[in-house]
Structure formats: structure tokens, C-alpha cells
Amino acid sequence: MQDAYDPTAVEREAQRFWADRASFRSVEDPAKPKFYCLSMFPYPSGKLHMGHVRNYTIGDVLTRHYRMRGYNVLQPMGWDAFGLPAENAAMANKVPPARWTYSNIATMKGQLKSLGLALDWERELATCKPEYYRWNQWLFTRLFRKGLAYKKTGVVNWDPVDQTVLANEQVIEGRGWRTGAPVEKREIPMYFLRITAYAEELLAALESLPGWPEQVKLMQKNWIGRSEGVRIGFPYQLENQERVLWVFTTRADTLMGATFMAVAAEHPIAEHAAQHDPKLRAFVEECKRGAVMEAELAQIEKKGMPTGISVTHPLTGESLPVWVGNYVLMGYGEGAVMGVPAHDERDFAFALSYRLPIRQVIAVAGEAFDDQQWKPWYEDKEHGACVNSGRYDGLAYQAAVDAIADDLSAKGLGEKQVQWRLRDWGISRQRYWGCPIPIVHCPSCGDVPVPDEELPVKLPEHLVPDGTGNPLARLPEFYETRCPSCGQSAKRETDTMDTFVDSSWYFARYACPDQDRAMVDARAKYWMPVDQYIGGIEHAILHLLYSRFFQRLMRDEGLLDVAEPFTNLLTQGMVLAESYYRDAEGRREWVHPSEVEVERDAKGKIVSARTRDGKDVVYDGIGTMSKSKNNGVDPQALIDKYGADTARFYIIFASPPTNTLEWSDESVEGSYRFLKRLWSYGLKFSRAEKSQSLHKELRFEIHSVLRQANYDLSRYQFNTVASAAMKILNALERLPADRGATAEEGLSILLRLLSPITPHVCHYLWRDLQFGQDIMRAPWPEPDPAALEQDEVELVVQVNGKLRGSIKVPKAADRAAIEGIALANPNVQKFVGGQDVKKVVVVPGRLVNVVV
RNA sequence: GCGAAGGUGGCGGAAUUGGUAGACGCACCAGACUUAGGAUCUGACGCCGCGAGGCAUGAGGGUUCGAGUCCCUCCCUUCGCACCA
């Protein structure tokens with residue numbers, strides 16, 4: 001054993017040992033319980049960032065822990081390799097996205113290897129390879145024939161200068177990121193996947209996921225958004241034709257309070273009215289120009305304009321004006337809403353600014369209505385009852401909804417309806433670096449799916465996009481083709497798929513990445529579902545919902561048995577860092593934190609900060625690591641300086657997996673120090689005399705810490721497992737210097753407990769100190785019940801809930817005896833001081849509280 | 001705007017069910033060793049107070065023998081919002 005801890009040498013040796021024995025190759029084995037542990041695969045953006053390191057370290061801790069517990073574990077890795085950044089890099093460097101992507105994969109694979117992750121690299125896949133994406137295409141053609149994939153128009157951001165579609169991310173304050181031109185909305189034909197057909201099942205099955213965080217299930221539930229309400233028709237006349245304006249509402253009980261209607265700018269009524277009214281046309285155009293993004297739409301000032309058209313209230317016959325409202329979404333419900341100012345906050349504000357009538361139709365006992373001031377109870381359907389509503393007066397929410405729905409139904413102007421917030425998934429992207437949509441447009445046959453024998457539709461890899469539309473659309477060799485059905489010349493679809501399609505089923509493909517005759521084979525039925533999935537909380541809705549959807553699509557193709565892809569889900573927090581900037585003539589110049597020296601006051605608050613060469617910088621608080629704020633910490637530099645074990649230990653120790661992790665270079669030092677101490681202890685141990693000496697107290701301590709650590713592992717609280725390892729080392733260092741029985745046992749426990757977190761150094765010490773050949777094959781440590789036995793227990797004594805002392809009582813002592821000992825305690829006597837003891841609360845094993 | 005989560009020392013965090021607030025670390029401080037130390041080791045370390053003691057878990061209120069934990073009101077931060085992945 002070397003005197004000094006040399007992580008480079010230790011890690012090289014451990015990694016060679018694993019590679020020589022193919023330690024992480026996983027083979028289907030029905031005799032053993034399986035454990036499929038998966039971290040979200042990375043986008044090959046260039047280099048690993050700390051978020052990756054955190055994600056994969058967490059997954060590796062679980063993987064190694066389950067291996068030692070005897071499970072047949074699979075932990076694979078691959079690349080989410082299609083996407084927008086490759087096109088941006090291509091434009092900047094004039095290099096095809098393919099070359100950029102493959103080179104990034106090579107770099108990042110090397111980095112992942114240096115982390116010592118227990119990955120089965122033989123199952124590696126990349127979504128940009130035809131062997132992978134042909135199955136996207138294969139499934140798409142199946143869905144198309146079933147009607148689960150279909151074509152309709154969808155709205156996109158249009159940059160009028162570059163003549164190209166922009167991603168939401170490329171729209172900065174309503175303008176194109178490259179051209180600065182105001183972005184327009186444009187409707188184009190697109191393919192959609194009918195996820196709404198599975199809405200009911202996706203919602204109901206959330207109940208069957210006890211291994212998912214409640215938070216995520218709740219977000220998905222709200223996203224799917226099932227609401228029960230009434231579809232209501234408001235008849236009107238247009239060009240001497242009888243028509244009906246339909247709306248959906250969950251508050252049919254307030255129908256008698258409707259004083260206006262509001263429709264989206266894209267609604268046929270708005271389009272019609274705008275034809276004859278230039279002002280209205282301008283307004284409709286303005287609404288259409290605005291944002292596509294819902295977050296932005298929801299925050300714009302609520303504006304409206306009357307259409308001059310009126311509809312008839314279905315129950316009262318009253319005439320109601322129809323307005324165009326910029327806050328009404330065409331994509332949800334009917335693209336029209338009834339305006340009930342008295343009982344909807346948005347309608348209230350709208351009515352106030354446009355002086356529309358406000359009519360109270362719900363009352364809550366003891367509350368007065370004020371038509372100038374909104375109060376939350378106006379929306380209270382729990383305690384309200386109808387007023388000013390004719391025959392519905394006095395009815396509570398449900399009774400009123402039922403009665404009104406019945407009356408509407410009798411007139412053919414309404415019925416109860418279930419409405420979903422979830423919309424079908426538009427997967428067409430007008431981009432090059434993605435999976436081609438396997439459709440041929442034939443002048444006679446229409447949209448024809450590409451037959452199986454012609455799959456895959458290969459994406460040419462040599463193109464370089466230039467930011468003005470999709471280069472595939474300018475490549476005749478790609479789009480000129482024949483109709484698979486009638487043989488005449490036809491045009492191939494040039495749109496590619498949303499990259500979320502690629503990532504919605506990769507987890508099943510890992511089971512059989514070499515299968516070239518089917519999307520997945522029987523091996524997928526062995527490994528699926530994923531037992532533990534780990535990834536960022538930012539994927540809580542979209543990626544996870546799409547994956548649940550795809551799992552069901554594949555189930556319904558007979559490819560998989562189970563409906564849910566991920567049994568247990570761990571959502572890790574983001575990695576954050578401080579950021580600093582220098583004012584450079586009004587522009588912020590971001591300075592990397594490693595170049596900043598900070599001065600703190602006696603309480604540690606930052607007083608001033610300056611660069612190493614003395615220029616003042618401004619502290620901008622803590623936030624996600626990003627290129628734009630120049631505050632990223634390079635994992636590679638960390639590994640080069642301290643080794644992978646220190647990086648892994650720090651990341652696990654600094655914060656529980658679900659919290660954000662605030663980066664601190666100083667704390668990394670602390671982790672390194674711990675591993676050096678572990679090494680020194682191993683060295684001392686290797687040179688000490690063997691003895692049989694047993695240390696009862698420290699043995700109790702080690703086993704108590706181990707018991708807690710095992711509990712913490714089961715609840716994913718890995719930071720306290722790392723603490724437990726430190727506590728055990730602290731205990732070992734308090735032992736006499738010989739190699740006694742307690743030291744032997746304690747170190748064996750420590751190395752095994754720590755090995756999932758810092759596998760290299762534990763592997764090395766385990767062998768070198770002759771505990772065994774391969775620590776991964778050692779059994780997981782369990783506390784010895786005998787070591788946890790105690791004759792006496794310590795209880796805390798309080799007087800009126802305040803801590804006044806502690807007592808030791810025999811383990812078997814009864815309540816009366818404990819009370820007696822507690823009251824006899826001199827400090828307790830002092831605070832009782834002759835007052836009447838009203839009550840003594842005894843909590844066995846914990847405390848005694850004397851109430852006076 | 002809507003949906004979700006979170007606020008505990010100078011900092012990261014700990015405290016299974018309501019039961020000793022601050023485990024384990026970082027930083028800072030003092031000391032030892034040393035030619036030297038940004039290595040290593042030892043000790044101290046929530047705030048106020050000489051002390052006895054008092055006060056402290058974002059703010060304010062409540063329930064309880066006892067509240068970081070439960071309830072109500074408010075404030076702040078982070079994530080998602082359908083074309084970033």
C-alpha cells in the first residue's frame with residue numbers, strides 16, 4: 001500500500017479490474033430478481049456538466065447497492081442525439097450536425113468512463129442512428145394506420161425574415177433570436193399523436209404508481225386536467241343562417257350571470273366579423289401575431305373588442321354581445337367562453353375595464369357583494385347558492401348544475417361533458433436533424449405511410465443547415481420518390497419528428513439494442529419495467545407523460561406486457577452555483593466564480609468581491625450553472641484534480657438527491673480530506689498488530705449508525721449515508737491502535753457501506769487489506785442485533801417542555817420508576833421548586849416532561 | 001397568470017411517527033507539529049448575556065404537556081407551462 005492516497009493510480013487499477021472481468025455486463029437470468037436502474041440519457045452537447053455527474057452518480061449508488069444485495073442489475077447508457085443544438089453548432093462552425101454529434105459522444109463517453117460508473121456499455125445506443133430511429137418510423141406507420149397518428153393544422157412561430165419556423169426557445173421577447181424580427185404565428189399542416197385517446201388511462205393509472213413522488217403525480221394529474229362541466233349552446237343568426245356558439249364551462253350554475261361572450265381571435269365568429277370592420281381586423285391580427293407560448297399569453301394584459309354580433313342566452317332569451325378576447329385560447333375547449341363577471345376573476349377584470357354589466361347570481365351567507373371589488377368568495381362553489389336566477393334560486397352548486405344541464409338538454413342546447421386539458425401531441429418539426437417522418441405525399445393516393453421493407457427512411461448526414469428552413473426540403477435526392485401504393489412520382493415528407501419521440505421508448509430498446517427485426521423482443525419483457533428511473537425534476541411532465549403514453553402504444557402493439565414504464569421515480573434537483581459580473585459600459589461581463597475573491601464580514605455575509613487582479617465585481621446570487629452566466633464547474637477538471645471518488649462523494653454528501661445542490665469548491669476539499677483520512681486509517685490498520693479486543697461502546701455506535709444508514713438508503717437520503725461513513729471512520733479512529741475485532745468488523749462495514757459512493761478506493765482497500773477479492777461480490781452489511789442491545793437508556797427530562805437534564809434508567813424500568821428517578825433529579829427539583837406537579841408525561845425511550 | 005415544490009447557524013445540511021433543534025461536513029477562530037504550510041492533528045464554534053439564564057427553524061397567529069414537523073393568513077425563492085433537452 002502506498003503511503004499517500006493517489007486517486008489516479010487507485011482509479012486506474014479499479015477500472016482495469018472491472019473491465020478485465022466485464023463486471024457490468026448484464027445477462028437475462030430468470031433465476032435472480034432483476035433490477036433495471038436507469039438514469040435519463042444525456043443530450044451530447046459537448047462535455048458532461050455537473051447535472052449529468054449528479055444524475056449518474058445517484059444512479060450508480062443505487063445500481064451498486066442493489067448488486068451487493070444480490071439483484072441481477074442492468075444499468076445502460078446511450079445518447080439522445082437528435083436536436084436543435086446540433087443545428088445551431090452546425091451553423092456556427094459550418095460542420096454537419098452528425099459530425100458534431102458523434103464527436104461529442106466520443107468525448108462524453110470518455111468522461112463517463114472516468115467516473116467509474118457500473119454501466120453495461122455493450123447496450124449503448126444513439127437515437128440518431130438508423131438502427132434506432134427506424135423503429136420510431138415503424139411504430140409511426142402502425143399508429144397512422146390505426147388513426148392514432150393523424151394530420152391537422154397546428155400553430156408555429158414564424159420568422160418572416162429567415163422564412164423559418166422557430167422553437168419557443170428561439171423567440172426572445174416576441175422576436176426571432178437571429179433576425180430580431182417580430183415573430184408571427186402561422187398555421188401549417190402537422191402530424192399529431194392522439195395522446196388524448198389515452199387521457200383517461202394515463203390519469204387513472206397514476207394511482208398505480210406508489211413509487212412516484214406525489215408532487216410529480218399531482219403535476220401530471222393537473223396537466224391532463226380532467227374537468228366535468230356542461231357544453232352550452234348560444235344560438236345566433238349570421239347571414240340569415242341559424243348557428244350556435246358553443247362554450248364549455250365547469251360553472252354552469254352561474255349561467256344566469258352571463259353578460260357577454262368572448263371568443264379567440266382564430267374563432268370563426270371573429271374571422272367573420274373582422275371582414276367588415278377594419279379596426280376589429282387590426283385587433284384580430286394583433287392577437288394572432290402575439291405569443292404561441294401559454295405562459296406569455298396568460299400574463300398579457302386582458303384586451304378585447306366587440307364583434308357587433310350577438311347571441312341569445314339559451315335560458316333567458318336575453319341578447320349577449322360577443323367579444324374577441326386575447327386571453328381566450330383556440331386550443332382549449334371550444335375556443336369560446338361565456339363571460340360571468342360576478343363569479344370569474346378574469347371576467348370581472350374584463351367587465352370592469354370595458355364597462356360590461358356585472359350580475360351577482362351566487363351568494364354566500366353573511367357576505368356582501370361589491371361590484372367594484374373582487375373577493376375570492378365570488379368563486380366559492382362549496383358554500384354558495386344561486387340568487388337572481390329565477391327557478392334555480394336557492395340551489396347549491398351541484399343541484400344547480402344538474403337542473404340547468406337538464407333544461408338545456410331539453411332544448412338541445414347543452415349536455416354534460418368531460419373536458420380534458422391535455423391536447424394531442426404535435427410531432428412535426430420543420431428541422432433537419434431529427435427522425436424523418438415516414439410518409440409519402442402522392443397526388444392520387446394522398447398521405448401514404450412508407451412500407452416496412454422500405455424502412456428506415458434514412459436521414460442524409462452530410463447537410464449543414466443555414467438557419468433558413470429545413471435543408472431536406474431543398475434536397476431533391478431526398479424528397480423525390482415514388483408512391484409506394486400506385487408507383488407514380490410523389491414527394492417525401494421532409495419534416496422530422498419531435499425529439500421527445502426518440503426519448504419516449506429508448507428505455508425498452510436497451511433490453512435488445514442489437515435486435516434488427518423488431519422494435520423490441522422478448523428480452524424487453526424480462527427487463528421492463530424500469531425499476532428505478534432517475535432524472536431532473538424539469539422532466540416531471542412532458543418526457544415522463546410521453547413515455548407512459550408510448551409504453552401503452554407498444555403494449556397495444558403486443559410488444560410489451562406492462563402499462564407503466566417506470567416503477568420508481570427519483571427526481572433530482574438542479575446543480576446551482578454563484579455568479580458574478582462586471583459592469584462593462586452597461587453590459588454585463590460574467591466572471592467565473594473561480595476567478596473571484598470574496599470578502600466577508602464577521603457573520604460571513606459578502607461585503608465585496610473582486611477578481612484576482614483587483615477589479616470589482618457584483619455578486620448576482622445563486623442560480624443554475626449556465627454558459628451565459630459563466631458559472632459552470634467543469635467535472636473533468638474536478639476529476640483530474642481530486643479523482644472520481646471525491647467528485648462522487650461530494651455530490652452525494654452535499655445535499656439529498658431531490659434538493660438543489662449549491663456548488664462549493666471548499667466543500668469539495670472536505671470530501672477529498674475524508675478520503676485521505678480513510679486511506680491513512682487503512683494504512684495504519686494494515687501495519688497494526690492483530691488482536692481479539694472488542695470495544696462494546698464503539699461497536700454499539702457503529703451498528704446504530706449502520707442501521708440508520710440502511711434506513712436512509714431505502715428512502716433515497718444518500719447524503720446521510722455519506723455522513724454515516726464519516727461517523728464510522730470517526731469511531732474507528734477512537735479505537736485503540738491495534739487491529740482488534742471491532743476495528744476489523746468496523747472497517748469491513750465502512751468499506752462496504754461506502755463502496756457504492758466511492759467504488760474505486762473501497763475496491764482497492766478491500767483487496768489490499770485482504771477482506772476479499774471483489775467488494776462488489778461481498779454481502780451488503782446489516783447491523784447485528786446483539787451489538788444494539790443496551791442495559792440502560794438515557795432519557796431527557798423537561799419541566800414545562802423546557803430541557804432541564806437527563807437521567808439514565810434501566811431498560812426495563814416502568815413508568816412509575818422513571819417518574820421517580822426524574823423527579824429526584826436535582827435540576828428538576830430546582831425548577832419545580834415546590835410548585836404542584838400537575839402531570840408527568842413519559843415517552844418511553846425518549847423523554848419525561850414534568851408539568852407544573 | 002396557472003400548476004408544483006421549497007424557506008432551519010456565516011454556508012451545505014441533520015432531526016422516521018409532534019418528543020433533546022443544529023448530527024455530519026465547510027468556513028472562521030485558537031493551539032500543536034513544521035524551514036515552510038493552502039499538508040496533518042487537537043480544541044472551540046446558533047444568537048444575546050460576566051453568569052444564572054433567555055431567545056431562536058421566512059413573518060404573524062392558533063392547536064398541544066410539548067411544534068422545524070399539524071392548522072390559518074402573509075412574504076420570498078425555484079421548477080414546469082406543450083417547438084430547449
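Note that the structure is predicted; figures quoted are calculated from it, not measured.
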Worksheet entry | A:F192 six-ring centre to A:K152 NZ/CZ under 6.0 Å and within 45° of normal |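 Yes; both conditions hold, so A:K152 lies above the ring face of A:F192.
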Item to complete: Treat primed atoms plus P, OP1 and OP2 as sugar-phosphate and everything else as base, then score nucleotides 51-56 of chain B 5' to 3': B for base contact with protein heavy atoms under 4.0 Å, S for sugar-phosphate contact only, - for none.
Response: -SSSS-
Worksheet entry | Summary of protein contacts for nucleotides 79-85 of chain B, nucleotide by nucleotide, where a base hit scores B, a sugar-phosphate-only hit scores S (4.0 Å, heavy atoms) | SSBBBSB
Worksheet item: Pick one for B:rG9: is it syn, with its angle within 90° of 0, or anti?
Response: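 Chi for B:rG9 falls in the syn range.
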Without hydrogens or angle criteria, can the side chains of [X] and [Y] be said to hold a donor-acceptor pair below 3.5 Å?
X	Y	answer
A:Q717	A:Y711	no
A:D495	A:Q430	yes
A:W177	A:D159	no

Test: [X] and [Y] ion pair at under 4.0 Å:
X	Y	value
A:R175	A:E184	no
A:E794	A:R846	no
A:E701	A:K727	no

Would you compute the distance between atom [atom1] of [X] and atom [atom2] of [Y] and round it to the nearest 0.5 angstrom?
X	Y	atom1	atom2	result
A:M219	A:I224	CE	CD1	13.0 Å
A:F674	A:L729	CZ	CG	5.5 Å
A:W100	A:S45	CH2	OG	6.5 Å

Item to complete: Please list residues of residues 844-852 of chain A whose heavy atoms come under 4.0 Å from any atom in RNA chain B, ordered by number; otherwise none.
Response: A:R846, A:L847, A:N849, A:V851
[X] [atom1] to [N] [atom2]: how many Å, rounded?
X	N	atom1	atom2	answer
A:L661	B:rG6	CG	P	18 Å
A:R815	B:rC65	CZ	C1'	13 Å
A:F653	B:rG13	CZ	P	11 Å

Worksheet item: What would the secondary structure line of RNA chain B be in dot-bracket form, counting Watson-Crick and G-U wobble pairs under 3.5 Å, with [ ] for pairs that cross earlier ones and | for pairs with another strand?
Response: (((((((..(((......[....)))..((((.......))))..(((....)))..(((((..]....))))))))))))....
Response to the item:
Of A:R707 and A:E296, the one whose nearest nucleotide on RNA chain B sits closer to the 5' end is A:E296
Worksheet item: When the ring centroid of A:F350 is compared with that of A:Y327, is the distance short of 6.0 Å?
Response: yes
What nitrogen or oxygen pairs link the protein and nucleotides 70-74 of chain B at under 3.5 Å?
none

Which pairs, protein N/O on one side and nucleotides 33-44 of chain B N/O on the other, fall under 3.5 Å?
| from | atom 1 | to | atom 2 | distance (Å) |
| --- | --- | --- | --- | --- |
| B:rU40 | OP1 | A:K676 | NZ | 3.4 |

